[in-house]
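So that the names make sense, note that chain A is the first sequence line, chain B the second, and so on, each numbered from 1.
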Amino acid sequence: MVEIVAERFTYAVILVLMMVGLYAVIATGNLVKRMVGLSIFQTSVFLLYIATAKVFGGGPAIFDYDDLTYGTIPEDAIYANPLPHVLILTAIVVGVATLAMGLALVVRIREVYGTIEDDELSEIDHDDELKKGV
Amino acid sequence: MEPQVLPAALAAHAPALLVMIPLIMSAPAAMIKNGRVAWAIAVLSVLASLVLAAEIFLATRADGAIISYAMGGWEPPFGIEYRIDALNAALLLLLGSTGFLALMFAGPSVADEIARGKRSLFYSAFLICFAGLSGVASTGDAFNLFVFLEISSIATYAIIAMGWRNDRQALTASFNYLVMGTIGATFFVIGVGFIYMTTGTLNMADQAQAIAAMNGNRAVEVGFAFILVGIGLKAALFPLHQWLPNAYAYAPNFVTTFLATTATKVAFYVIIRYSYDVFSVHTGFVSNAMIWVITPLAIAGMLVASTQALFQNNVRRLFAYSSVAQVGYMMLGLGMATSLGLAAGMLHLINHAMMKGALFMALGAFALSYGIRRIEDFKGLGQAMPVTSAAFTVGALSLVGVPFTVGFISKFYLIQAALDAGWWWAVAAILISSVIAVFYVYRILVAIWVTPQGETDKGAPRRVPLAIAVPLGVLALANLVFGVYADPIVSIARAAADAAVYGGVTP
């Protein structure tokens with residue numbers, strides 16, 4: 001049992017992070033905390049990708065210049081897969097954009113409603129609707 | 001690809017330009033202070049995109065024709081490939097044409113709803129959203145698809161929130177959409193990650209081959225489940241539709257018109273691509289998902305969302321719930337997992353864009369003239385704005401599925417496909433949902449037409465500008481013309497379905 005977890009320790013950490021993030025999004029009524037949860041959730045997925053790029057005993061995928069020019073790269077050379085890192089760089093940018101957009105909305109909501117608590121917001125929205133008769 | 005109408009040099013790069021032109025032009029649109037100039041930039045870029053989409057559409061009309069474009073000259077499967085067949089060509093054409101019509105309508109509508117200093121930024125965000133949707137529809141690379149999905153989504157959150165000057169609920173609606181949309185997109189990345197881990201490639205055609213060779217693999221199946229849930233959120237598949245009603249009800253009128261005709265459709269396309277092409281719909285896992293997940297949810301959505309629409313007083317929210325129900329019809333066609341069913345789903349996708357486009361544009365015209373959105377306020381509109389009301393009525397009847405409108409055609413084909421599959425209970429669900437639609441449409445139409453003269457004095461309306469009247473008229477006429485002369489749309493839908501079922505990205 002211990003071995004099974006130990007072998008997959010990275011994945012266990014990722015899974016815990018993922019659930020912490022999702023739980024925070026669902027359980028909290030504070031919009032900023034909800035964004036924090038969302039970021040944790042996204043970050044856990046970044047880790048999932050990065051974890052798969054690791055090859056046991058492999059180094060960074062940087063080739064020796066001479067080996068590259070003369071085609072003498074040793075056949076048993078082991079390199080980590082660089083592609084997931086590149087993908088996650090893009091995904092991080094997307095995550096930052098989402099976070100910025102979300103926080104900008106929270107700021108505007110605070111200005112217009114005077115609160116960032118979800119239950120108070122839905123109460124105000126409900127009152128608004130009753131006033132307008134919709 | 002063989003050049004059709006455009007010069008060869010332009011046609012060769014059409015798949016890339018289609019996405020790049022709106023994306024790049026969003027920058028100058030943001031920098032210009034004058035909203036009218038920004039609008040002109042947006043119209044020109046979307047028009048260019050539409051022309052390129054038409055060119056691509058013509059090039060993919062031949063049986064099994066696939067356009068493969070290596071982005072930056074990097075050959076697939078290592079580089080990013082843009083891969084377009086009859087399925088996404090139809091979607092691109094729909095995107096371009098509805099985007100163009102909606103933009104014509106945007107001129108007066110946005111001038112009415114968005115603050116003067118924000119208009120150019122608004123059009124810039126719209127262009128980014130449009131580029132993102134076109135990118136999703138044309139790319140053949142799974143991760144590229146995710147990036148474009150998020151580009152369009154983030155821009156969508158921004159333009160929905162810009163409705164806050166009319167109603168502050170736009171802000172909370174946009175925030176809820178952001179949270180749910182991001183969870184959906186992240187689920188999609190997890191799914192892509194699982195498939196990448198097992199197949200070692202991100203190119204969808206390459207993945208399809210690898211998955212077919214694998215003959216059943218748990219990790220890949222988990223990946224499919226994640227993708228289905230993630231994209232189902234974006235497509236507003238019941239019960240993942242909670243973000244949609246408020247987002248559509250409080251966004252600026254133009255945004256609702258554009259999103260209702262395109263955004264959920266593009267997500268629907270991604271589901272088709274994954275379930276029919278990357279995965280095979282004939283493998284046990286996917287066909288089980290179709291029968292036991294997609295179909296029941298589709299039917300539940302048709303019935304529950306239609307019923308919820310009955311109880312709405314805000315007309316735009318009413319039609320938003322109806323949109324969720326219409327997504328159910330499309331999903332039902334998809335769930336049948338036959339060429340006929342998918343063709344009916346695609347047909348309804350195109351037709352639904354026409355009817356909801358007409359409906360939301362007419363609602364925009366009403367809002368512009370009287371600033372109204374409740375059903376009670378619609379009393380007497382038939383006398384005050386007869387032509388706009390007539391166009392609205394055409395759209396509404398089409399939604400119900402009255403003969404000689406496109407709504408009838410798509411329901412006819414859907415029922416035919418259901419009978420062909422032996423799904424009589426699906427036919428019953430379609431009929432029940434249509435009857436519910438009669439009731440909610442009836443409430444509005446009665447308010448518009450049957451109120452006795454003099455009971456409500458509306459005062460003289462603001463004249464409906466030509467920029468609204470023309471696209472509204474075009475869409476209302478399209479509802480009637482293609483309702484009688486349905487062949488062109490039906491053949492497009494059939495070709496799209498055949499491309500997905502018999503070929504598509506799989507070589």
Minimum-distance pair of heavy atoms, taken over all atoms of A:Leu48 and B:Met197: CG-CE, 3.8 Å
Taking side chain as everything from C-beta outward and backbone as N, CA, C, O, which of these in A:Thr90 sits under 4.5 Å from a heavy atom of chain B? Side chain, backbone, both or neither. side chain
All heavy atoms of A:Gly102 vs all of B:Phe175, minimum pair found to be O-CE1, 3.9 Å
Residue part contacting chain B, namely of A:Arg34, when any heavy atom lies under 4.5 Å: side chain
For the CG atom of A:Leu22 and the CZ atom of B:Phe187, what is their distance to the nearest 0.5 Å? 5.5 Å
Name the region of A:Leu38, side chain, backbone, both or neither, that has any atom closer than 4.5 Å to a heavy atom of chain B. side chain
A:Val45 versus chain B, heavy atoms under 4.5 Å apart: side chain, backbone, both or neither? side chain
Please rank B:Gln312, B:Arg168, B:Glu150 by heavy-atom pairs under 4.5 Å with chain A and give me the top one. B:Arg168
To the nearest 0.5 Å, tell me how far B:Ile154 CD1 sits from A:Met101 CE. 8.5 Å
Whatever's closer than 4.5 Å to a heavy atom in chain A on B:Phe143 counts as side chain
Toward chain A, the part of B:Ile183 with a non-hydrogen atom under 4.5 Å: both
Determine whether the side chains of B:Tyr250 and A:Asp125 contain a donor N or O and an acceptor N or O closer than 3.5 Å. no
Return the minimal non-hydrogen interatomic distance between B:Gly193 and A:Tyr49, and the atom names on each side. N-OH, 3.0 Å
Does CD in A:Glu123 sit with more than 12 non-hydrogen atoms of other residues, nucleotides or ligands closer than 6.0 Å? no
Do B:Leu202 and A:Leu87 have side chains that approach each other closer than 4.5 Å (heavy atoms only, starting at C-beta)? yes
Do B:Val189 and A:Gln42 come within less than 4.5 Å of each other through their side chains, counting heavy atoms only? no
Please determine whether side chain to side chain contact (heavy atoms under 4.5 Å, CB included) holds for the pair A:Glu129 and B:Asn314, giving the CA-CA distance in whole Å, both sets of side-chain angles, and the decisive distance to 0.1 Å. CA-CA 10 Å; A:Glu129 283 182 8; B:Asn314 180 329; over 6 Å; no
Chain B contact via A:Val94 - which portion, at a heavy-atom distance below 4.5 Å: both
dist A:Tyr113:OH -> B:Thr172:OG1 (nearest 0.5 Å) comes out at 3.5 Å
Quick one: pull up OG in A:Ser44 and CD1 in B:Ile190 and give me the separation to the nearest 0.5 Å. 6.0 Å
Using non-hydrogen atoms and a 4.5 Å limit, figure out which bit of A:Ile109 sits close to chain B: side chain, backbone, both or neither. both
Heavy atoms only, distances under 4.5 angstrom: which of B:Ser174, B:Ser153, B:Ala161 has the most pairs with chain A? Name it, please. B:Ser174
Please determine, among A:Val112, A:Asn81, A:Val106, the option with the most heavy-atom pairs under 4.5 Å with chain B. A:Val112
